[in-house]
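Every value quoted in this text rests on a predicted model; they were computed, and no experiment measured them. In listed order, ligands and their atoms are each counted from 1.
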Amino acid sequence: MQHNVLILDFGSQYTQLIARRVRELNIYCEIHPFNHLPDDISRFKAVILSGSPYSVRAEDAPHPDLSAIRGKMPLLGVCYGAQYLVHFGGGSVEASNTREYGRANLSYIIEDEPFFEGVPLGTQVWMSHSDTIKKLPDNARILASTSDVENAAYKIEGEPTYAIQFHPEVYHSTDGKKILENFLVNIAGVAQTWTPDNFVDMTVASLKEQLGNDKVVLALSGGVDSSVAAMLLHRAIGKNLHCIFVNNGLLRKNEFERVLERYEGMELNITGVDASARFLNALAGVDDPEQKRKIIGRTFIEVFDDEAHKIKDVKWLGQGTIYPDVIESISVNGPSATIKSHHNVGGLPDFMKLKVVEPLRMLFKDEVRRVGASMDMDAGLLGRHPFPGPGLAIRILGDITPEKVRILQEVDDIFINGLKSWGLYNKVWQAGAILLPVNSVGVMGDERTYEKCVALRAVESTDGMTADWVNLPYDFLQKTSNDIINKVKGVNRVVYDISSKPPATIEWE
Ligand code: XMP
């Protein structure tokens, strides 16, 4: 596959967005940090230089050696990338004295230039820079300007090098995707073959080659990523894939049985391990949220290690890692502190010493869903809301008891089933119930009650980083509240959480 695009990252907050837009054009691309150029540049058919928080004039700014690329393959500089090509190409970049941030319009576009084919004069573009290109190199030609930025786009004569001062990847650049398409498809001749079906074919073939007759062990969570990873591995190696699905006792009501059935329906070679008691014992009396998370993480590793040992001669650990995690670990600024560093290999559980295979490591989250859909993954599994690894443990505020788990499972079940039957489930990004450490007074029949209060939470979001509460219909809330109070023993009050993130978070713990 030689129709790949290389995106050299200079640390801009928008670099991932460039990759998203390129992938939306059905073109495969990889992000590499500017200071680690890939060895085999010939794998790529075009290169894009990203933006950067640096000034190209600063001594510590990214100054990569582009001699293997420049003039040898189509190159597009974006923002910092455009300034970089000028600064080291005989032109000049200076601090700007006018504000060049936000929306602007192209007031001049050169005629008959394939780079701007189909892009109308006046089109809106997004600017975000403090330095400006004062003078282009002698061999450059202006392709477009705005009223404030004369050199908004240029081309270097005699080589396939283009540059734009604005950000085509940002939504506010109305024709940004078209401009990327013009460059990649019309000018660089990159084929638009990056489709979920092709990804499946290529990945299955390369997994077959990589794994041969080896055995792989994989932890399934019931979520989309691990399930799609399992499907790909299963297509490649069949019964040599051994899946483990652990019941930590903190799943939704009947979730363990239901998800296990689904996986068995997919013909996965799967072992369901009910370790509920082990988790709940380890959590007894613990009320600190971070402590709960640590105990659950540690217990999971112990249970998984025990099970993995039962599989003879296993060589690989399968993981559902996706591209944002990979980019994070190879970022320009070095691996983030949150990425685990495996210094003490001797002290790790045995399964962590296995070789790692990650079939989704080049996919964004929405691409994982598209790949799952192209393999006919069960729609119920594909459209599931995210669910936190520590499960109901972080939705039971305070200490956890089997009785509290039972109450919350019942409440959650009524809420989620209600969302489904009212056709609301797919309009909500994530929903769940929270058991509060509060008793309140109520009255049922002639009797005074003193029982638990639960909160319902439903949010809209795209990635969980920010979220807003969902305006659920009053009729639905009324029916759900009645059902919960009538059917779940121990609950006499229901509230709806109307906080957005930030400043609140999605989970209460
Ligand atoms: P917050 O509460 O931080 O949640 O707004 C954002 C998203 O992350 C999920 N979440 C977790 N997922 N382990 C997980 O696997 C955790 O400890 C955890 N804490 C929060 C949360 O459900 C939401 O989707």
Side-chain angles (χ1 to χ4, degrees), residues 218-229 244-253 255-256 259 275 279-280 282-283 286-301 303-304 319-322 324-325 328-329 336-340 358 360 364-366 368-369 381-400 405 408-409 411-413 415-416 419 425-436 454-470 496-509:
L218 173 87
L220 284 170
S221 68
V224 177
D225 298 349
S226 65
S227 304
V228 173
I244 295 172
F245 179 43
V246 176
N247 184 2
N248 58 12
L250 300 153
L251 302 175
R252 298 196 135 114
K253 186 181 174 187
E255 180 89 339
F256 183 58
V259 171
F279 280 88
L280 293 179
L283 285 166
V286 178
D287 57 11
D288 175 68
E290 287 315 302
Q291 245 346 80
K292 289 183 193 174
R293 283 186 170 85
K294 282 200 186 107
I295 291 170
I296 291 167
R298 195 176 60 224
T299 309
F300 181 84
I301 287 178
V303 171
F304 189 79
Q319 288 192 325
T321 316
I322 61 174
D325 309 331
E328 168 90 338
S329 68
S336 117
T338 56
I339 301 289
K340 268 177 272 162
E358 299 168 316
L360 308 178
F364 290 107
K365 186 89 183 171
D366 53 328
V368 175
R369 286 215 159 85
L381 204 53
L382 211 51
R384 306 181 97 209
H385 289 171
F387 187 69
L392 301 182
I394 55 169
R395 293 182 181 169
I396 294 173
L397 306 200
D399 71 321
I400 298 163
V405 173
L408 188 57
Q409 281 179 334
V411 172
D412 177 83
D413 196 51
F415 183 36
I416 299 296
L419 286 171
Y425 185 85
N426 291 332
K427 299 191 177 115
V428 168
W429 190 78
Q430 185 173 17
I434 299 99
L435 185 65
L436 307 185
V454 292
L456 306 181
R457 182 103 166 110
V459 295
E460 291 167 352
S461 177
T462 47
D463 51 12
M465 303 293 284
T466 60
D468 213 348
W469 59 278
V470 180
Y496 186 53
D497 183 349
I498 53 167
S499 330
S500 60
K501 171 184 181 176
T505 50
I506 296 176
E507 304 294 346
W508 280 43
E509 282 197 336

Q: Taking only Lys NZ, Arg NE, NH1 and NH2, and the carboxylate oxygens of Asp or Glu, determine whether Glu509 and Arg395 approach each other closer than 4.0 Å.
A: no
**Q.** Ser221: side-chain hydrogen bond (donor to acceptor under 3.5 Å, both in side chains) partners, not counting sequence neighbours
**A.** Ser226
Q | Which residues share a side-chain hydrogen bond (donor to acceptor under 3.5 Å, both in side chains) with Asp497, sequence neighbours left out | A | Arg457, Ser499, Trp508
**Q.** Under the side-chain hydrogen bond (donor to acceptor under 3.5 Å, both in side chains) test, residues paired with Asn248 that sit two or more places apart
**A.** none
Q | Ring centres under 6.0 angstrom apart (Phe256, Phe245) | A | yes
Q: Look at the rings of Tyr425 and His385 and say which category their plane angle falls in: under 30° parallel, 30 to 60° tilted, over 60° perpendicular.
A: parallel
Inventory of protein N or O atoms under 3.5 Å from ligand 1 N or O:
unit_1, atom_1, unit_2, atom_2, d
ligand 1, 2 (O), Ile506, N, 3.4
ligand 1, 2 (O), Glu507, N, 2.9
ligand 1, 5 (O), Lys501, NZ, 2.7
ligand 1, 5 (O), Ile506, N, 2.8
ligand 1, 15 (O), Gly389, N, 2.9
ligand 1, 17 (O), Arg293, NE, 2.6
ligand 1, 19 (N), Arg293, NH2, 3.0
ligand 1, 22 (O), Gln430, NE2, 2.9
ligand 1, 22 (O), Glu507, OE2, 2.5
ligand 1, 24 (O), Gln430, OE1, 2.7
ligand 1, 24 (O), Gln430, NE2, 3.4

